[in-house]
Amino acid sequence: MIFLEFDFLRYALIIGLMIGVVAPVAGVFVVVRKTPMIADAMSHTALTGIAFHLWLASYLVWLSEWNPLYTGILFTFIVSFLIEYLRRRFQAFQELSIPVVMASAIGLGVVFISLADGFNNDLFNYLFGSILTVNAADAVVIGIISAVSLLLFLLFYKELLFLAFDEEQAAVNGIPVQRVNLLFAGITAVIVASSISILGVLLVSALITLPAAAALRVASTFKSMFLYAVVFGETAVLAGFFASYYYDLSSGGTIAVVSFLIWTIIVLAEKVAGQRRQRPWKEAKWTDKANQ
Amino acid sequence: MEDSTKTLLEVNHLSFRYESELVLDDINMNINQGDFVGLVGPNGSGKSTLVRVLLGLHKHYQGEVRWFGTPVRQFHQWPKIGYVSQKANRFNAGFPVTVYEVVAMGLYGKKGLLRFLNRKDKQRIHEALEQVDMLGYKKKNMGRLSGGQQQRVFIARALVSDPEVLILDEPTVGVDAASAQAFYERLSHWNREKGITLILVTHDVGAMTKYVTKVACLNQQLHFHGTTREFEESDLAGAYGHDVHIIHHEHDHHAGGA
Amino acid sequence: MFDINFVERSIIAAVLIGLTAPLIGSFLVVRRSSLIADSLAHVTLTGVTAGVLAGNLQAFWDINPLYTGFLFAFAGSLIIERVRHTYGGFQELAAPILMAAAVGLSAVFMSISADGVTEWYGYLFGSVVSVQMEDLWFIGLMTIAALGLLAAFGRELMFLSFDEEMAAAAGIPVKVFNVLLAVLLAIVISASMQVVGVLLAGALITLPAAAAMQWASGFKRMLLIAVIIGEASVAAGVTGSILFGIASGGGTVVTAAFILFATLLLRTWINWKRNRRLKYERHQGA
Ligand SMILES: Nc1ncnc2c1ncn2[C@@H]1O[C@H](COP(=O)(O)OP(=O)(O)OP(=O)(O)O)[C@@H](O)[C@H]1O
Ligand SMILES: [Mg+2]
């Protein structure tokens, strides 16, 4: 393949493929926990971090040597804990905690950008993603983050599943609810922030939510949902990559649009097949034999 | 005879309020190993709330609650206590999870962090499903079962960790009369043969008194707590049975009480 | 026609948006669908980018992109309702699905279009100082439409938001009014585009209503408080924009968020004091 001769394209492809695994995997948990917008809230927070970095860098020159994305990761990480705190602190306010955090984050981000005089092409790349900006170091960092995240998901699989299905019952069974919630928020934050280089702040949640939402429609066991989500996610990433290389379209945009197309096809296919979920109302009878 | 057995649960001067409304007022009760307790009371009388306090889900109560001698706030051996919530059926029907996966959850707390299920655990899951006659459904999607079947799966999940105590909050809602009867038989069997201590919240006073060994009548305060025979001899039985039955028909969860 | 300068134009635009956005937001918040505002705002962006792209490609296309934005927002609000119904237990997925698709399409359109990033920034973050006379007409028209609809059908919309089932039982044509609410939302979002921008329109709609909910016991009172908070926020936004050159959306939303957090802290403190008093009285009684 000709284009792989360019280093940055090779790194972009590697990063894309890694993100194509971890983002949909995180998405499965995000979706079944019924907090799909959390990815948006986190990515917008990353923008705040990036903008803060740019603003600070206009005073502290040494800061400009660093990739603002790392400040973004830091911000997202902190805010993920803030969201959990708000959710617990203001019970009646649970469903609002995400839009509120998201709104405040982006409002603050915009103020920082204004102060940094940052309405330029760089910002645009952060917003919508650009595969032209990645290098070997990014690939290594994102590789490590992906590996660690997947490992943690594997190790805490059973707790995460139980929490998503029934948080109260999980608490009764002695699962450390708060700590697992915090852990999950932390992992998601890091995954979201590291996806920004390819997808952009505004499109990260597409690769997290859409493949999982599509998988939700076809999977009947929880484990199979991961498989579907990753397959959908990787398909979208590859499509986005080639579209941006050959047709000069936005890579993040194409990934989101392809994910959406996959989702649409699945919904339509279900309609056409007329495969309505049926509930067999037949009751199983209590047999007598187990009473003996 | 009761004095010689082990006391599992002690409740002393327990009071509880949501925001400002007093829901539980100075409750005192003990539950011994091997008891089969029926907890009755009209809608909104605080039965579910009492159960949730016992389970450590409401922390800001006044008074004292001890499991196996340990105050609830310090208690950590939750796998010893199985629980099926009144709202268990209200889980998300679209959740892609099989019957087997749901029952497996019952072992997660017992296993602890960073441990995976082994062959013995899988055997245990099968047994639990067998105990509720649902083994044939183990690969079915949870959302596609009927209400009564889902209820059984949740009971299996409570049983799978081999609990010493099983707390069931209105488990027979949505179960037909014959099945409910069989279900009580089954509970009674577990109670006698396996020595599982049972706390059963129910409105079904008539059927219940045949099986339970102790009755507790709750309506903000604990109006009665004693053996089934004492309950039947007291005038409460008639009054409560009647009262409870009428309210049972208009099944409205949060309207009751004030 | 009218001889007003950019400062006056921006103040008028901001005051109008500060009025309508919190009003419609109050309905959304009590209906527990505040996320819809955000996702429709992004759909509006798709409409705007499509409009600009059409202008690029065809010389005789000369329609203000705000109108295509409005059309897309309207279509989007209808789609969301449909998607909500296809997901039984996971209705909250509808908004993020549409949002992701909308931003994706916008990004693709922008990458095709010849326009530079500066134009997009205006739509994304709002730039109240660049409101033209033509835009002001659009905003004014939309405000009148929104207020008229609210005055005529506010009562039914409130009933619907509070309890859809009961409203249906009471003979209110639920479907029609859901569409009406969608139209209203599309109107308000496309009008607020230039004041706060796509990324922040949802915030201006939700935050004041969320804060007002903490203080009001009745719905009318909630509307009033929400509007006051909304106006205070846009006032701060416009001031920051004119005096310090801060993007107007940023200042507006940061102010609204600040008011909300202050409200929450104050509420918590009040509750804490009340609980302490209750405990004390119990103690005295015992
Ligand atoms: N989360 C809550 N917040 C505030 N009040 C509550 C809450 N849950 C229950 N209540 C109130 O506490 C009282 C007792 O409720 P509870 O659910 O314990 O009753 P119950 O005896 O289980 O009723 P039912 O027979 O209908 O299940 C009711 O008045 C109810 O309104
Ligand atoms: Mg109850």
Side-chain angles (χ1 to χ4, degrees), chain A residues 31-32 34-37 39-40 44 86 89-90 93 95-96 98-100 102-104 106-115 117 119-121 123-124 127-129 200 202-203 205-207 209-210 213 216-217 243-244 248-250 252-260 263-264 267 270 277, chain C residues 29 32 34-35 37-38 42 83 86-90 92-93 95-97 99-101 103-112 117-118 120-121 124-126 197 199-200 202-204 206-207 210 213-214 240-241 244-247 249-258 260-261 264 267-268:
Chain A
V31 163
V32 295
K34 295 175 82 61
T35 52
M37 285 296 246
D40 288 287
H44 286 71
L86 279 178
R89 193 79 188 75
F90 307 106
F93 211 63
E95 66 204 24
L96 273 171
I98 289 174
V100 162
M102 181 162 143
S104 319
I106 191 144
L108 207 59
V110 171
V111 171
F112 283 135
I113 299 170
S114 299
L115 292 175
D117 249 334
F119 290 103
N120 50 29
N121 279 315
L123 175 65
F124 209 73
L127 287 176
F128 296 99
L202 298 180
L203 290 161
S205 78
L207 191 57
T209 320
L210 287 175
L216 182 62
R217 305 211 60 110
S244 96
D248 205 17
L249 299 178
S250 148
T254 326
I255 291 175
V257 170
V258 172
S259 306
F260 180 69
W263 178 83
T264 316
V267 172
E270 258 180 4
R277 293 205 157 180
Chain C
V29 168
R32 298 174 160 247
S34 45
L35 287 175
D38 256 313
H42 290 80
V83 176
T86 60
Y87 272 104
F90 290 93
E92 72 286 341
L93 268 177
I97 285 176
M99 181 155 151
V103 187
L105 263 184
S106 312
V108 171
F109 287 158
M110 286 189 236
S111 60
I112 299 174
V117 293
T118 338
W120 306 125
Y121 283 137
L124 284 170
F125 301 109
L199 297 182
L200 296 156
L204 183 60
T206 324
L207 293 183
M213 198 166 68
Q214 302 288 309
S241 180
F244 308 110
I246 294 174
T252 303
V253 168
V254 167
T255 312
F258 177 78
L260 177 64
F261 278 110
L264 285 178
R267 279 267 105 172
T268 315

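Every chain is numbered from 1, with letters handed out A, B, ... down the list of sequences.
Residue C/T268 comes nearest to C/L264 through the heavy atom pair OG1-O, 2.6 Å, listed as atom of the first residue, atom of the second, then distance. The minimum heavy-atom distance between C/L200 and C/F125, with the atom names listed, is CD1-O, 4.3 Å. Of all non-hydrogen atoms in A/P36 and C/L93, the two that sit nearest each other are CB-CD2, 3.9 Å. C/Q214 and C/R267 get closest at one heavy-atom pair: O-NH1, 3.1 Å. Closest heavy-atom contact between A/T209 and C/P96: CG2-CB, 4.1 Å.
For chain C, the option among A/L108, A/I106, A/V267 with the highest count of heavy-atom pairs below 4.5 Å is A/I106. Contact tally against chain C (heavy-atom pairs below 4.5 Å) for A/A103, A/S259, A/G129, A/G200: the top residue is A/A103. Top candidate by heavy-atom pairs under 4.5 Å with chain C, chosen from A/N121, A/V258, A/T264, A/L249, is A/L249. Residue with the most contacts toward chain C among A/A206, A/A256, A/G253, A/S205: A/G253 (heavy-atom pairs, distance under 4.5 Å). Options C/A101, C/A203, C/A257 differ in how many heavy-atom pairs under 4.5 Å they form with chain A, and the most are formed by C/A101.
Both the backbone and the side chain of A/L123 come within less than 4.5 Å of a heavy atom of chain C. Residue A/S104 touches chain C through both its backbone and its side chain, counting heavy-atom pairs closer than 4.5 Å. Residue contact with chain C, scored on non-hydrogen atoms closer than 4.5 Å, involves the side chain of A/D40 exclusively. For C/L105, the parts lying under 4.5 angstrom from a heavy atom of chain A are both the backbone and the side chain. If you measure heavy-atom distances from C/L204 to chain A, you find no contacts under 4.5 Å at all. Only the side chain of A/L210 comes within contact range of chain C, with at least one heavy atom under 4.5 Å from a heavy atom of that chain.
Within 6.0 Å of atom CZ in C/F258, 12 or fewer heavy atoms from other residues, nucleotides or ligands are found, so the atom counts as exposed in its surroundings.
Qualifying side-chain contact (heavy atoms from CB on, under 4.5 Å) partners for A/S114, counting only residues two or more places apart in sequence or in other chains: A/V110, A/F119, C/I246, C/A247. With sequence neighbours left out, the ring-ring contact (aromatic ring centres under 6.0 Å, His included) criterion links A/F128 to A/F124.
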